[in-house]
Amino acid sequence: MAPVPSLPIKVGHIDDVQELRKAKPATVPERFIRDMADRPKVVPNLSSSLDIPIIDLSKLMKTDKDEVMQLRTACEEWGFFQVLNHGIDLNVVEDIENVAKDFFMLPLQEKQKYPMAPGTVQGYGQAFVFSENQKLDWCNMFALGVEPPCIRNPKLWPSKPVNFRETLEIYSREVRKLCKTLLKYIAVSLGLKGDVFEEMFGVAVQAVRMNYYPPCSRPDLVLGLSPHSDGSALTVLQQGKDSSVGLQILKGQTWVPVQPIPNALVINIGDTLEVLTNGKYKSVEHRAVTHKERDRLSIVTFYAPSYDIELGPMAELVDEKNPCRYRRYNHGEYSKHYVTNKLQGKRTLDFAKIQSKTSN
């Protein structure tokens, strides 16, 4: 089953941001206004050298050595890349975007038939809220467990739009194939056997979250999504066509905007792959910002090992120069830890780190 909190959680009143935008377009309630240090700064014009890497999957599948090396560099130095020629039919990509948008445009009372219970990460609402005074993201979310079937909550799969379920099934099946293919070449880039991750993961867990960010009159005061790394092995992000630029990744001390490339998908390394590679490939902190006039839609798929699997750094990637940095743990326990804590950069990964001992 999907991880759930063990205690009741009080989150206070959470305004629906689409309804706020309709009713009082110039107003931002206090609970959405970030502390000064957390507010998004105006990003200066960045040189093209800060554009995240682009990987051509068709070249990878021919085991093009240059492309494999480029993938290795992307994973080592960025933890993010955009993938072209990903093999998912563009009609499938367009269909999922359309049903996601149609869902968010439904009347509020229809969407509220599928509520996200406090402390959980399935349904419609806001995830990762655990107290009544916690700052909220300027975002509406709709999240579902997809694979294996035991993590699904059928009551949360909507009947409207009428083609939602079928469209999500088709899309998720294609993304699952993509994740398996990418993990194969990520393994190759590490000098490992291509099937090592698939064999290790068992029946992989897959979940999808759709994020809708309405325009905000004061984008300088709010965040669309708080800074965090993902608990997955891989994350696949589809950015809505004609959406505002919202995704930013932390490179050094700079928040770098990710400029969407037509027909590309954004891939990022999750905490799980950081642990398995003993920190060679790191998960990266990222966030979403809002726009004053334009909305943004994103569709995110999280791909991770079975909850039953015990994980730790792979023996091939541990030696005297690279001592073991993470302990072994049950992936289900880590997933529960991840979803029952608010988003705080990479703090959740402390769960797995071996704490260095300092002498007096």
Side-chain angles (χ1 to χ4, degrees), residues 1-19 31-32 100 103-104 106 108-159 164-165 168 172 203-213 223-233 235 237 270-272 288 298-308 329-344 347-349 351:
M1 295 294 289
V4 294
S6 52
L7 296 172
I9 293 167
K10 293 182 178 180
V11 298
H13 176 71
I14 298 178
D15 285 306
D16 183 285
V17 289
Q18 283 175 261
E19 299 303 308
R31 204 170 170 198
F32 290 89
F103 176 83
F104 284 113
L106 289 171
L108 179 61
Q109 58 268 33
E110 182 68 30
K111 293 181 285 191
Q112 287 180 332
K113 291 178 181 177
Y114 314 101
M116 185 182 291
T120 69
V121 287
Q122 292 200 52
Y124 176 75
Q126 280 219 20
F128 306 105
V129 182
F130 296 97
S131 71
E132 297 178 84
N133 57 6
Q134 185 177 329
K135 293 295 183 182
L136 299 175
D137 293 330
W138 192 264
C139 176
N140 284 339
M141 298 178 175
F142 185 50
L144 296 168
V146 178
E147 293 292 343
C150 64
I151 73 166
R152 296 189 183 198
N153 184 340
K155 293 179 181 177
L156 297 178
W157 285 60
S159 54
F164 184 99
R165 298 182 186 205
L168 180 57
S172 295
V203 180
V205 171
Q206 188 173 338
V208 66
R209 191 179 73 227
M210 301 169 181
N211 304 313
Y212 182 72
Y213 307 92
L223 285 174
L225 191 59
S226 300
H228 64 287
S229 61
D230 294 335
S232 56
T235 300
L237 168 69
D271 294 347
T272 298
S298 67
I299 300 155
V300 191
T301 299
F302 304 99
Y303 187 85
S306 164
Y307 292 136
D308 297 332
Y329 59 87
N330 171 267
H331 180 60
E333 285 300 308
Y334 177 66
S335 296
K336 181 175 180 180
H337 172 77
Y338 187 92
V339 304
T340 55
N341 280 277
K342 68 178 184 177
L343 300 179
Q344 288 181 289
R347 293 254 324 252
T348 47
L349 194 54
F351 173 93

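Heavy atoms only: backbone and side chains are in, while hydrogens, waters and symmetry mates are out. Just so you know, residue 1 is the first one in the sequence shown, and it goes up from there.
For the atom pair N140 CG and I14 CD1, the distance stands at 10.5 Å (nearest 0.5 Å). Note: N211 CG to C139 SG = 4.5 Å, rounded to the nearest 0.5 Å. Distance CZ/F32 to CG/D15: 5.5 Å, rounded to 0.5 Å. From L144, atom CG reaches atom CZ of R165 across 9.5 Å, with rounding to the nearest 0.5 Å. Remark: D137 CG to H228 NE2 distance equals 9.0 Å, nearest 0.5 Å. To the nearest 0.5 Å, atoms CG (L349) and CG (D230) are separated by 12.0 Å.
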After noting the C-alpha distance and the side-chain angles of L223 and K135, does the key distance pass the side-chain contact (heavy atoms from CB on, under 4.5 Å) rule?
-> CA-CA 10 Å; L223 285 174; K135 293 295 183 182; over 6 Å; no
Note to self: Checking Q206 against S172 for the side-chain contact (heavy atoms from CB on, under 4.5 Å) test, could you report, in this order, the C-alpha distance in whole Å, the side-chain angles of both residues, the deciding distance, and whether it holds?
What the structure shows: CA-CA 8 Å; Q206 188 173 338; S172 295; 3.6 Å; yes
(message) I'd like to know whether Y307 forms a side-chain contact (heavy atoms from CB on, under 4.5 Å) with S335, so could you lay out the CA-CA distance, the side-chain angles of the two residues, the decisive distance to 0.1 Å, and finally the verdict.
(response) CA-CA 8 Å; Y307 292 136; S335 296; 3.3 Å; yes
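Using cut-offs of 30° and 60° on the angle between ring planes, the pair Y124 and F142 is tilted. W157 and F164 have perpendicular rings, their planes meeting at more than 60° on a 0 to 90° scale where under 30° would count as parallel.
Of all the heavy atoms in A233 and P305, the pair that sits closest is CB-CD, 4.5 Å. Between L237 and V300, the shortest heavy-atom contact is CD1-CG2, 3.6 Å. The minimum heavy-atom distance linking R31 with S131 is given by the pair NH2-O, 2.8 Å. Closest non-hydrogen pair, I151 versus G145, comes out as CD1-CA, 3.7 Å. What you find for F130 and Q134 is that their closest heavy atoms are N-OE1, 2.8 Å. Looking at every heavy atom in both residues, M141 comes nearest to L225 through CE-CD1, 3.3 Å.
In this structure, the side chains of F103 and P158 come closer than 4.5 Å at one or more pairs of heavy atoms. Between R209 and V121 the shortest side-chain heavy-atom distance does not fall below 4.5 Å. Contact annotation: the side chain of P148 approaches that of V205 to within less than 4.5 Å [non-hydrogen atoms, C-beta and beyond]. Residues R152 and E147 meet the side-chain proximity criterion, which asks for heavy atoms closer than 4.5 Å. Counting only heavy atoms from C-beta outward, the side chains of Q18 and L108 never approach each other to under 4.5 Å.
In this structure a side-chain-to-backbone donor-acceptor pair under 3.5 Å is present from T272 to G231.
Side chains of N153 and Q122: a donor-acceptor N/O pair is absent below 3.5 angstrom, by distance only.
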